[in-house]
Amino acid sequence: MEKVDENKEGIKGMVNPRRYGIERVAYLLMRLSGLGLLAYFVAHIYETSNILRGRVGWEEVISITQTTEGHVILAIVIGMCVFHTANGIRVMLGESGIGVGKPIRPDYPYPSPSQNARHKIAIYSSIILAALAMMYGLAVMFGE
Amino acid sequence: MVESIECDLIICGSGLAGLRAVIEAAKKNLKIKIIVISKVQVMRSHSVSAEGGTAAVIFEDEGDTIESHIYDTIKGSDFLADQDVVERFCREMPNEIYQLERWGMPWSRRENGKIDQRWFAGYSFPRASYASDKVGFFEMQTLYDTCQKFDNIDFFNEWFATSIIHNRKRFMGITAIELSSGTFYEIKAKALIIATGGAGRIYSYSTYGYSSTPDGLDMAYRAGVALKDMEFVQFHPTGILPSGILITEAARGEGGYLLNNKGERFMKNYASSKMELAPRDIVCRSMITEINEGRGYKHETGVDCLKLDLRHIGDEKIKEKLGAIREISIKFSGINPAQEILDVRPVCHYMMGGIHTNIDGTTELEGVWAAGEVACNSVHGSNRLGANSTSECLVWGKITGTLAVDYIEKGVPSEPWPDFLVEAEEKRIYDGIFRGKGDVNPYEIKQELTDTMNEKAYVYRDEASLVEGLKKIRALKEQTWKHVDDKAKEYNTNFTNVMELDSMFRVIEIILIGAINRKETRGAHARTDFPKRDDTNFMHHTLAYYDPKEPIMKTCPVTVTNYKPVMRKY
Amino acid sequence: MATILSTPKEKTTSVISPSKKVTLRVAKYNPKTDPKKKWVNYQIPYEKWTTVLDVLLEAKNHLDHSIGIRYSCRQASCGSCGMIINGKPRLACFTKITELDTTMVTVEPMKNFPIIRDLVVGFDRLFKTHKRIKPYIISEDSEITTKTTELLQTPKEVNNYIQFANCIKCGLCNSACPTMATDSLFIGPQALAQAYRYVADTRDKGKDDRLKIIDESHGIWRCHFAGSCSQVCPKGVDPAMGIQLLRGYLLGFRS
Amino acid sequence: MRESVIMKIHYGTALAAVALVAVHVLFRLTQGFVDSLTYESVIANYRFLPYAGMLEIILILLSIHGFNGLRVILLELKQGRSYEKAVSYGCIAAMIAIIAYGSRTIFMTNMGMV
Ligand SMILES: Cc1cc2nc3c(=O)[nH]c(=O)nc-3n(C[C@H](O)[C@H](O)[C@H](O)COP(=O)(O)OP(=O)(O)OC[C@H]3O[C@@H](n4cnc5c(N)ncnc54)[C@H](O)[C@@H]3O)c2cc1C
Ligand code: HEM
Ligand code: SF4
Ligand code: F3S
Ligand code: FES
């Protein structure tokens with residue numbers, strides 16, 4: 001079979017969040033935060049494994065994280081974690097068919113019930129919550 | 001270079017008629033190989049635009065009768081319908097409603113779950129089953145989706161059929177161009193069902209989509225099959241301005257009023273008992289009379305029009321039963337029908353005429369059937385009633401599908417393939433059109449041609465304007481428009497557009513000659529110089545046979561069973 | 001690079017009205033013959049009701065016959081004319097110039113479909129996925145005998161699926177979906193919404209069949225509720241809703 | 001495995017993790033962020049069996065969830081039989097590796113092997 005170029009938009013299209021609504025932004029943030037958390041998770045497992053090297057080893061590693069960069073990264077992780085969790089709960093509800101509206105006879109101009117205010121509010125709340133958590137985290141870390 | 005394909009049955013055209021036929025054929029014999037060829041993608045055929053309803057008697061318990069459907073249809077046809085055909089049609093139709101229902105058609109229902117029906121013009125009972133106002137769309141979807149059950153159907157999406165190959169006695173195959181690659185094919189087959197639909201794009205102001213051109217009609221005509229009753233072109237009273245998109249008759253069926261510039265429901269002067277629900281020919285004539293006598297409006301484009309008032313129907317009911325026309329009028333004309341009045345005007349809508357067939361949809365060429373709007377089995381005579389056309393497509397889709405399979409199963413002798421005909425066709429379209437020379441823009445010729453039809457062969461006609469129209473189109477034909485600027489092979493719509501234009505010239509000529517010859521007023525053919533129906537001289541069908549110079553005109557009788565022609569009054 | 005006005009060598013007789021003009025920018029590309037896509041500009045007059053399809057046809061009819069474009073009904077019911085207009089997937093016949101609020105109209109073929117030529121894309125994949133989800137009533141009594149009548153269905157029951165039955169198979173949703181942008185095997189919002197349309201129909205008994213078909217590695221789970229499909233759908237189908245409701249069955253929240 | 005089963009696990013692990021991660025993080029916060037990271041307090045935490053058990057569960061849940069998430073993303077990025085096989089097995093391997101590696105830390109500290 002001849003291979004046809006499908007003119008797929010590729011990662012660029014997947015990533016471009018501007019053309020569509022906030023739901024598409026949430027989709028993108030969910031992916032990025034998931035990947036970010038995975039990266040942190042792996043690093044975290046490595047980090048904690050240093051405890052096996054005794055007090056010296058542990059404090060060596062901890063001291064690397066107790067820097068400004070370390071704190072900023074940790075703050076981002078907190079943000080990602082909060083957003084991913086909050087939005088994750090929204091997505092799980094939605095994907096179970098909860099809160100996506102009921103089928104109706106659509107009337108022009110055809111609003112889409114699944115793209116409803118509840119979800120939009122949940123997305124904005126997740127983002128705000130994540131931002132607050134980040135600020136709180138920064139305050140705690142730099143405060144001491 | 002010609003590529004070759006073989007199959008058992010070709011169905012050319014994938015509107016309601018074509019798809020109904022293919023399901024019947026595929027179901028009847030799972031072994032025969034069927035090809036559905038369509039110049040648009042199969043489910044995009046123009047039938048998707050049918051809006052208002054599909055007529056059938058399903059409430060006999062509430063007082064409707066088949067008999068009444070038969071009489072309404074015959075009276076609506078101004079007694080030109082073949083009455084045996086109408087009888088068969090009305091008897092078969094109820095089953096089609098139920099069959100579609102079983103296949104998933106989302107008919108609009110009554111509270112108790114039964115299929116609902118609504119009023120349509122010219123009937124004496126609310127007899128049109130409907131699915132909101134997207135009947136054709138949902139029917140197409142139901143049929144297309146049902147086709148997906150079968151693996152012996154091959155859809156040839158976007159293939160343009162150009163000619164029928166036969167050996168004078170019997171059908172042998174067709175030639176076609178695959179649009180996506182531009183390759184020219186011969187397709188050998190045992191039987192053919194033509195279902196290429198209407199040709200309303202021969203008028204510039206039309207309810208039809210751009211794909212409704214007469215190339216299917218012309219293909220049959222060139223193969224020597226007669227075209228029948230072509231002078232009867234139906235105009236629909238309510239095309240919205242400025243686009244010409246249809247506002248379905250169901251809008252009046254649900255209670256809409258037609259108003260002149262005095263704010264009167266003027267139909268009371270023309271058809272006092274049926275008012276806006278008189279048959280289309282009568283409403284159109286009344287509208288043009290109103291306009292001619294100065295009681296019309298002027299649309300901002302400068303076109304004369306009248307008004308259609310739906311406001312009293314109410315927003316909720318409009319949304320529920322007329323959702324699509326609500327969308328159309330808001331989007332395309334900026335008017336919400338629940339709040340404002342619409343500008344409407346009679347617009348080309350349907351061809352009563354078509355390929356001459358008998359009651360079975362059989363044509364004069366062995367192995368070829370025709371079904372749907374392209375066929376003229378004379379069920380509509382000189383004026384079709386609304387909602388009877390989608391019905392016709394279903395009934396004759398089923399009949400021809402069955403008959404074609406029977407024919408194939410009986411065995412068709414194989415005979416030498418007439419290569420020379422394929423070569424001749426290749427010459428005609430590639431040397432004559434694709435590589436043609438000229439400096440006249442074919443699209444401008446098409447505009448002039450279709451404008452001429454609007455002017456000269458509209459609702460009212462007379463000898464002088466028809467003759468003038470004929471002269472004008474013959475002059476246009478002589479210009480050097482037969483060339484294709486786009487030289488690419490792939491998806492060359494410039495090429496198909498010019499082929500469509502080429503077919504328009506032949507078919508329009510038949511329409512005009514037929515209209516000139518018919519010196520009477522009957523149904524959709526209203527002559528100001530002969531304002532009366534003339535049953536002594538014109539109670540017959542018009543036939544046109546192909547001749548390279550000019551069509552050969554003949555006639556054939558109308559079948560009358562029980563219903564004597566009487567004065568038509570509503 | 002933008003080339004300006006390739007006018008065919010013909011005498012022209014049509015008068016172009018001196019009203020407002022729009023610049024139409026068309027992505028022309030024939031993968032069989034052209035090395036790459038090129039942009040061609042046309043100046044077209046328009047009125048308040050003019051649609052993008054109207055200006056495209058005006059360009060095709062009078063300025064450049066070779067524009068490749070698919071269209072038919074011009075009333076948003078056939079689903080032929082999906083394309084990317086000013087960056088978003090839309091129907092050309094259902095987008096008025098005036099509502100775009102700019103005098104520069106850029107049209108490109110739909111993304112995530114192979115280009116046949118210019119604005120015309122191949123639909124083979126959409127047709128195949130549509131067929132795959134068994135888009136028809138599955139039931140023993142789907143063929144009538146002489147005396148069958150209808151199966152009853154209340155208006156309410158019809159409303160449970162009618163919105164999904166509005167799909168015109170235009171493919172805009174598949175063009176907008178982020179998963180489609182990279183996944184060549186994803187069933188896609190169009191077909192998934194149709195799977196729900198039939199599952200939600202009281203006459204149908206094919207739910208388990210269909211759930212099995214869509215429950216595979218490139219099936220329904222590759223939708224992440226991004227919602228873009230519903231945002232571009234011109235007919236209010238709301239595929240995103242259909243997909244999530246369908247997934248409700250698979251997760252055991254609905255039965 | 002049917003995709004729906006995998007995704008049910010994905011959601012299930014996420015849900016369970018919500019609660020447990022909250023506890024994990026709260027532990028850090030109630031003890032005072034910096035203090036909680038001192039060697040002694042960390043060791044003490046690990047020695048406390050219920051907490052160590054919880055850490056183990058979080059480790060397993062998030063590894064499954066995270067690497068399945070990665071698998072999903074990679075699956076959507078590119079298609080092809082061998083590629084998809086590689087992704088699936090790769091993710092399972094990574095998952096097992098990270099669980100093993102993390103468990104080693106937990107077990108050894110819990111058993112007092114440092
Ligand atoms: C706007 C509108 C509204 C209507 N509303 C109603 C209504 O409410 N009720 C009612 O009963 N009737 C209605 N009608 C009439 C009815 O819809 C049509 O008569 C009917 O749909 C015709 O169906 P068909 O199958 O014959 O042809 P079509 O649906 O027109 O299909 C023609 C097919 O032939 C194919 N074709 C044509 N030429 C070629 C070629 N050269 N090569 C290959 N393929 C070719 C096309 O691609 C297409 O697939 C309406 C008509 C219009 C225009
Ligand atoms: C604790 C609360 C968490 C919840 C509620 C949660 C929820 C979810 C959900 C519902 C999804 C599926 C999204 C979709 O289908 O589009 C998902 C995806 C994902 N999660 Fe989590 N998650 C959590 C924590 C984590 C953590 C800690 C990690 C990192 C190890 C992680 C990594 C991922 C990844 C990589 C994906 C795939 C991203 C995608 O498909 O878009 N998650 N999560
Ligand atoms: S769901 Fe909407 S966007 Fe998708 S194909 Fe159907 S009509 Fe088009
Ligand atoms: S855009 Fe795609 S990701 Fe899902 S909600 Fe629609 S199918
Ligand atoms: S032309 Fe039919 S949808 Fe646009």
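We name chains A, B, ... by the order of the sequence lines, and we start the count at 1 in each one.
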In plain terms, say whether [X] and [Y] are close enough for a salt bridge, that is, a side-chain N and a carboxylate O under 4.0 Å apart.
{"X": "Glu84(D)", "Y": "Lys78(D)", "value": "no"}
{"X": "Arg118(A)", "Y": "Glu23(A)", "value": "no"}
{"X": "Arg19(A)", "Y": "Glu9(A)", "value": "yes"}
{"X": "Arg31(A)", "Y": "Glu76(D)", "value": "yes"}

Item to check | His65(D) and Tyr11(D) side chains, donor-acceptor separation under 3.5 Å | outcome: no

Quick check on the interface: out of [options], who has the most heavy-atom pairs with chain A under 4.5 Å?
{"options": "Ile73(D), Leu15(D), Val25(D)", "value": "Ile73(D)"}
{"options": "Gly66(D), Ala94(D), Gly102(D)", "value": "Gly66(D)"}
{"options": "Thr109(D), Leu62(D), Val72(D)", "value": "Leu62(D)"}
{"options": "Val18(D), Val42(D), Ile106(D)", "value": "Val42(D)"}

Against chain D, work out which of [options] has the most heavy-atom pairs shorter than 4.5 Å and name it.
{"options": "Lys8(A), His44(A), Glu95(A)", "answer": "Glu95(A)"}
{"options": "Val42(A), Ile11(A), Ile45(A), Leu35(A)", "answer": "Ile45(A)"}
{"options": "Glu59(A), Arg55(A), Met92(A)", "answer": "Arg55(A)"}

Expected output: side-chain [X] to main-chain [Y] donor-acceptor under 3.5 Å:
{"X": "Ser112(A)", "Y": "Gln115(A)", "result": "no"}
{"X": "Asn87(A)", "Y": "Leu29(A)", "result": "no"}
{"X": "Tyr136(A)", "Y": "Ala131(A)", "result": "no"}

Please state whether the side chain, the backbone, both or neither of [X] comes within less than 4.5 Å of a heavy atom of chain D.
{"X": "Leu37(A)", "result": "neither"}
{"X": "Leu38(A)", "result": "side chain"}
{"X": "Leu52(A)", "result": "both"}
{"X": "Thr85(A)", "result": "side chain"}

Part of [X] within contact of chain A (heavy atom distance under 4.5 Å):
{"X": "Ser63(D)", "value": "both"}
{"X": "Leu77(D)", "value": "side chain"}
{"X": "Tyr46(D)", "value": "side chain"}

Checklist entry - More than 12 heavy atoms of other residues, nucleotides or ligands under 6.0 Å from OH of Tyr46(A): is that the case? => result no

